Amino acid sequence: MRLLNRFLARLRNASTGSRNDQRLREELDQHIALQIEENLRAGMPPAEARRQAILKLGAVQPLRESYHAEEGLPFVETLLADLRYATRMLRKSPGFTIVAIATLALGIGANAAIFTLLNAIMLRNLPVADPKSLVRLGNDNSCCVGMGMRDNGDYSLFTTASYQYFRDNLPEFDSLAAIQAGFAYRPVAARRDDSDQPARAVMGEFVSGNYFRTLGLSAPAGRLLVDRDDTSDAPFTAVMSYETWKTVYNGDPSIIGSTFRINTRSVTVVGIAPAGFYGDRMLTTPPEFYLPIASMPAIANVSYVYNSDSQWLYIIGRLKPGIDKAQLQQKVTTLLHQQLATTPRYSSQEQKTQLKKARVILTRGGGGIQAMQEDYNSHLLLLMAASGLVLLIACANIANLLLVRGVARKTEMSVRTALGAARGRIVRQLLTESVLLSALGGLAGLAVAYAGTRMLLALAFPGARNMPIHASPSLEVLAFAFGLSLFTGILFGIAPAWMASRSEPADALRSGARSTASGASILQRSLVVFQAALSLVLLVGAGLFAQSLSKLQHINLRLDASNRSIIHIDPQTAGYLPSQVGDLYRTITDRLHSIPGVEKVGISSYTPMEDNNDQWSVMVQGKPDPHRSASVIRVSPEYFDSVGTRVLAGRNIGLEDTPSSTTVAVVNKTFVKDFFKPGESPIGQHFGGPKHVNDFQIVGVVDDTAYTDARDDDHPMFFAALMQREASDTDPIDKDTSLYSKAIVLATDRPVPDMEELARRTLSAINPNLSIVKFQTFAAQIHDQFTEDRLLARLTMLFGALALLLAALGLYGVTSYTVVRRTPEIGIRMALGAEKASVIRMVMRSAMLQALVGLILGAPIAYFCIRLIKSQLYLISSVGLGVMSGSIAVLLAAAVIAGAIPARRAASINPAQTLRTE
Amino acid sequence: MKKADVQQGTLALMVLKTLDVLGPLHGWGIARRIEQISGDLLSVNQGTLYPVLLRLEQEGAVASDWGASENNRRARFYRLTRAGRRQLQSETQDWQQTADIMARFLNATEESLS
């Protein structure tokens with residue numbers, strides 16, 4: 001109670017600014033007066049009486065201070081006083097202040113930029129109600145349509161039947177929603193019904209009717225999907241994303257209830273998703289439409305929605321409070337076993353025993369599907385570490401600057417100490433200066449962070465549309481920047497403050513101390529060594545990433561990308577039946593050939609370096625089942641020429657391969673290596689799925705062109721004709737969605753600048769619904785695959801260069817300082833006959849020594865760090881001699897330059913002049 | 001550091017007791033009384049009394065007001081409040097207890113510990 005009273009009184013005093021100075025003065029006067037009277041009564045003479053009275057009272061100044069310490073908030077008041085003083089000091093040396101603030105702004109800003117990304121991608125929850133109670137069934141992000149069990153038995157992709165079984169048998173969940181796993185690979189064509197705009201290829205996600213209810217969202221306009229929309233006889237409905245509504249349709253209220261053509265089907269847009277909602281995962285292109293799963297077979301024209309074997313759904317649900325997760329996981333696994341046992345794949349007893357391995361692991365659902373996070377996790381941490389190192393180097397620089405300032409202010413500190421300042425008080429005041437400096441640096445750093453984040457987003461996610469990451473600093477970023485500034489200020493300020501507050505007042509106040517000063521202190525030189533070591537580590541890192549990128553870009557992809565374009569279309573969404581596409585492909589090939597300059601037109605399921613893949617289990621007739629799979633693509637006769645793949649043996653797919661002739665396939669070199677013995681000729685042999693080994697007859701062998709990704713080690717592939725179906729496939733043709741080939745490759749004899757427009761016109765002339773989903777030159781498509789690697793290489797090089805610059809500045813600063821301090825000594829030496837060369841040698845030796853020690857310390861650290869970044873490099877497992885020697889050379893060169901400038905200044909010292917100024 | 005704390009605590013208690021016994025008094029009077037009784041305390045550095053008085057006033061243990069001193073000068077008089085009286089009682093009790101315990105311990109060295 002008393003403490004509270006005291007604190008309140010202090011607060012009151014501080015806020016009203018009242019000081020009891022007056023009161024104390026008066027009381028002291030009274031006290032002295034009364035004492036004087038007593039002294040007079042005791043017989044002292046008046047002067048003596050007064051003197052004794054004053055002596056008895058005691059020292060006034062400390063009294064005033066301890067009196068004042070009882071009122072007001074001394075901590076706050078001294079802090080404010082320190083701040084005012086610090087501001088004055090910083091203003092007096094604008095050069096130092098600007099350099100320091102700029103350095104700090106760069107360092108803190110870089111860290112804040114990367115933290116913005118880290119926070120938005122890794123740490124943020126979905127913008128939904130109560131993310132903590134969301135649970136995901138599954139722990140893996142494998143995509144997109146699968147069958148059977150994975151090697152480890154974990155299930156994360158589910159069939160529609162499994163989902164329904166879970167939904168109906170898990171009362172522990174408030175609601176359980178299913179979401180399409182692979183919508184990012186299956187754009188939809190969307191067009192407003194009454195407009196003449198062509199259809200846009202956009203992201204559309206198919207979800208269960210209770211999706212929005214599970215996430216706890218409400219519509220800002222119209223309504224969201226409900227269970228009723230997800231039934232087989234419901235009219236087609238969709239929800240539009242807020243971003244799309246605002247940016248593409250200008251928030252037009254008539255959108256709600258209007259009809260859209262999604263993949264040529266009529267769909268009513270019933271409402272808008274909440275602002276800021278970007279779906280259940282972080283993507284460069286979030287969904288623009290949400291549609292109920294029941295409408296998917298008709299709209300997306302796929303066959304796997306209700307197939308009992310096709311796994312294509314992720315499942316997320318909202319858990320009721322108080323449920324035991326371990327028990328629930330067990331129950332979900334049991335339910336899965338039960339449901340799978342009813343499917344044809346696990347009908348036999350032997351197959352049912354395989355089911356024992358199957359299990360579902362429950363994971364946190366609040367962060368959504370963490371596919372992007374998996375990809376970028378290690379990159380972001382690496383960048384965070386690198387920017388942290390740069391900040392450390394910057395701090396070392398500023399610490400050195402402060403040490404120098406401390407020496408210059410030695411007189412000031414000595415006077416303070418002589419006047420009675422406690423050491424802690426001086427340290428506190430100097431620390432306030434440091435923290436103020438770094439706070440200003442942090443503030444300026446926010447601007448750097450904003451620019452840096454925008455640059456990072458542009459580099460990392462080119463072609464992103466409405467990606468839900470904003471460069472403007474959020475509250476967490478501001479808190480991070482503030483905390484980092486505080487920490488930085490204390491970090492680089494504590495040592496200089498400690499050193500500056502240590503002073504022998506008598507010593508320093510003695511002017512003109514003529515001594516052989518030792519130059520920069522050990523601390524200063526250690527800081528430079530520290531900087532050099534860290535710079536080496538960053539330079540080596542940059543070198544490694546540059547090397548990795550170079551290796552990747554020089555991989556022989558075994559294709560020809562010159563004068564070639566890739567056009568992506570979607571006959572499936574344009575409303576074609578599989579029985580109709582044969583004619584379509586012929587028409588497309590003919591019409592495109594008629595464009596001047598076009599030499600080859602190839603049509604295929606997908607193209608090289610597109611990050612797309614389709615895999616089947618295959619085995620060769622007459623050989624044991626190797627339990628391997630091969631990638632499969634349908635191609636037209638001109639395809640291999642159009643991408644530049646060489647035919648090595650046998651023949652190409654040709655016009656003679658029609659739906660009625662033998663089903664043929666061309667295989668690649670790796671296929672031959674994996675499935676046949678060396679020297680064996682594959683031509684004429686048959687292969688197929690484990691149950692139909694007779695399906696395909698091999699007629700040719702082609703070279704190994706890279707398909708999914710440059711890194712991918714060659715894997716076996718086979719190429720089938722566009723319209724031929726496997727001999728064993730007896731399903732009606734219109735159910736065979738594999739006949740939809742979605743890529744056209746154009747090879748021209750010269751660069752055609754408006755190829756896109758020409759192609760678009762040609763295709764819409766064939767069918768206005770045949771819109772171009774994506775158009776890119778082949779070179780651009782390949783270029784895109786290296787975005788991540790390019791990003792890392794560029795950023796690490798940027799950080800390495802920054803570190804080198806800061807370290808060089810640090811070395812330069814310390815060497816200059818040494819020269820200045822030793823000027824009298826150098827003057828004496830030169831007067832005694834030392835040559836310029838020996839002076840230069842002396843200065844350079846000290847500078848290079850610091851650099852060398854730094855190198856010796858930094859090299860083992862660099863070697864060690866490779867372990868941490870190995871996973872992000874291509875085919876690099878240790879620091880090569882080239883990279884290490886290159887980094888060392890660059891560092892030494894910088895050190896030489898940094899040391900040479902002050903060395904030359906030292907050599908041009910005029911001995912007579914220096915001795916005269918003593 | 002510690003010594004000053006103890007001093008302040010005991011000084012505050014002495015101030016309260018003085019005010020309790022002598023009634024409202026000005027700063028100099030309190031100082032004189034404490035000097036008389038304690039002998040060496042406050043014979044010098046009498047000024048240290050005033051921060052203590054300010055603290056006591058802020059805690060609410062004493063209240064102050066201007067009045068006229070013996071020689072008709074204006075002086076600030078301090079008096080004990082009800083809260084101050086309670087504080088005095090409880091601290092007096094604490095000191096008595098401490099003194100008793102210490103006395104017992106210091107006397108125990110003569111007796112044998114069985």
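Here the structure is a predicted model, which is why all the values come from computation and not from measurement. The chains referred to below are lettered A, B, ... by the order of the sequence lines, with proteins before strands, and numbering in each begins at 1.
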Shortest non-hydrogen contact between A/L63 and B/P51, atoms and distance: CD1-CD, 3.7 Å

Tell me, for [X] versus chain B, whether the close heavy atoms (under 4.5 Å) come from the side chain, the backbone, both or neither.
{"X": "A/L24", "result": "side chain"}
{"X": "A/E37", "result": "side chain"}
{"X": "A/L34", "result": "both"}

Whether over 12 other heavy atoms sit under 6.0 Å from [X] [atom1]:
{"X": "A/R50", "atom1": "CZ", "answer": "no"}
{"X": "B/R33", "atom1": "CZ", "answer": "no"}
{"X": "B/Q93", "atom1": "CD", "answer": "no"}
{"X": "B/R79", "atom1": "CZ", "answer": "no"}
{"X": "B/Q36", "atom1": "CD", "answer": "yes"}
{"X": "A/F482", "atom1": "CZ", "answer": "no"}

Hey, which of B/N45, B/L53, B/L49 has the most heavy atom pairs under 4.5 Å with chain A? B/N45

Side chains of B/W28 and A/Q30, donor plus acceptor under 3.5 Å: no

Could you check A/R64, A/E27, A/H31 and say which one makes a side chain to side chain donor-acceptor pair (under 3.5 Å) with B/Y50? A/H31

Contact part of B/R74 toward chain A, heavy-atom cut-off under 4.5 Å: side chain, backbone, both or neither? both

Under 4.5 Å from any heavy atom of chain A, what part of B/A31 do you find: side chain, backbone, both or neither? side chain

What distance separates B/Q46 CD from A/Q35 CD, expressed to the nearest 0.5 Å? 5.5 Å

ring-ring contact (aromatic ring centres under 6.0 Å, His included) against A/F480, all qualifying residues, sequence neighbours excluded: A/F115

